[in-house]
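Let me begin by presenting the structure, written as structure tokens, before commenting on it.
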Amino acid sequence: MKMDEAYWYGRQKLSEADVEEAKVDAWYLLEYATKVSRAEYFKDPGRELTKEQELRYFLYIEKRAQRIPLQHITGEQEFMGLPFLVNEFVLIPRQDTEVLAETARDWLNQYAKEAEASEKALRILDMGTGSGCILLSLLQDVKEKAYAFEVEGVGVDVSNEALQVARENAERLELSAEWVHGNLFARVESRFRMIVSNPPYVRTDVLDKLQAEVRFHDPRIALDGKEDGLYFYRRIVEESRAYLEPGGCLLLEIGYDQAEAVTELMCKAGFSEVKVKKDLAGLDRVVSGVYDI
Ligand code: GLN
């Protein structure tokens, strides 16, 4: 089969299966199966696939048509410009979550200016770290900036399988962090300057309405925020106070309709400078605040 025929075949198959980005995904899988880039493709669209490439490509298209996420086929997703391994045990990093990582990075930069002379290590906790994408992208940024003070990262997850993925990601990116297996703060020790979290926040009754890729392939424990979607915010906002240094900050990703409720939780718990930030689509995405008491 020729490359252009393969592409059209894949695109058609994926459209029929109601895959949202049929065009893009067909390209991506063709590239992944053949290792031929798009630029090379356009030089010679009539290039023949080898038998092996063809088999691989058909298999990928078949999987994708069954609504298996692209990232579970390729095993990877980019986040903050870095490649992360993913599998069915971790939430696939979302572009929306980059707003959380960027907010955390900006906060760190600000902190760094004030703390240039500080001897103390700066400690960051990522609650429900999953693939480790938030913590590791922050640590990568810190590494590039080569601050005078030390930065230590701790990632917590209730899933051992998720932590295994986070560990592998750290190893691949040549970053070091501490990984803690435990339910929320149960096994966390000491205090942190910053706590970040993208907790499960989808209301249980909404879970079955999500698109097939998310509903059947992202881990449910990474999505299910229980009855009103706010369960983990209540726990994290309340309990984080005992794990923040004075003046430390808490940054949370939220769903588009949760800004008011989470802001209220944080204000009631004694956080100050509580702010909401929007994502690229203009939807509320991050709530942050400082704990000064
Ligand atoms: N934004 C995610 C989704 O609906 C939800 C992530 C979460 O619960 N933390 O795909």
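Numbering starts at 1 and runs along the sequence shown. Both counts, for ligands and for their atoms, begin at 1 and track the order of listing.
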Could you tell me the residue and atom name of the protein heavy atom closest to atom 1 (N) of ligand 1, and the distance to it rounded to 0.1 Å?
-> Tyr201 OH, 2.9 Å

Are any of the side-chain nitrogens in Arg203 or Asp205 under 4.0 Å away from the carboxylate oxygens of its partner?
-> yes

Tell me: protein heavy atom nearest atom 3 (C) of ligand 1, and distance?
-> Arg94 NH2, 3.6 Å

Got a donor-acceptor contact below 3.5 angstrom from the Glu239 side chain to the Leu184 backbone?
-> no

Please indicate whether any nitrogen or oxygen in Arg285 is less than 3.5 Å from any nitrogen or oxygen in ligand 1.
-> no

Within a radius of less than 6.0 Å around OH of Tyr41, do more than 12 heavy atoms belonging to other residues, nucleotides or ligands occur?
-> yes

With respect to atom 7 (C) of ligand 1, which of Pro199, Gly225, Ser197 exhibits the smallest heavy-atom separation?
-> Pro199

Below 4.0 angstrom from a heavy atom of Asn198, which ligand 1 atoms are there? Numbered from 1 as shown, please.
-> 7 (C), 9 (N)

Tyr291 vs Phe271 aromatic rings, parallel, tilted or perpendicular, using cut-offs 30° and 60°?
-> tilted

In chain order, what residues pass the salt bridge (Lys or Arg N to Asp or Glu O under 4.0 Å) check against Glu20, with sequence neighbours excluded?
-> none

Where is the nearest protein heavy atom to atom 4 (O) of ligand 1: which residue, which atom, and how far?
-> Val202 CG2, 4.1 Å

Number the atoms of ligand 1 from 1 as they appear, then name those within less than 4.0 Å of a heavy atom of Ala222, with their elements.
-> 7 (C), 8 (O), 9 (N)

Is it the case that Lys35 places NZ or CZ above or below the six-membered ring of Tyr32, under 6.0 angstrom from the centre and within 45 degrees of the axis?
-> yes

Taking only heavy atoms of Leu223 into account, list the atoms of ligand 1 that are under 4.0 Å away from them.
-> 5 (C), 8 (O)

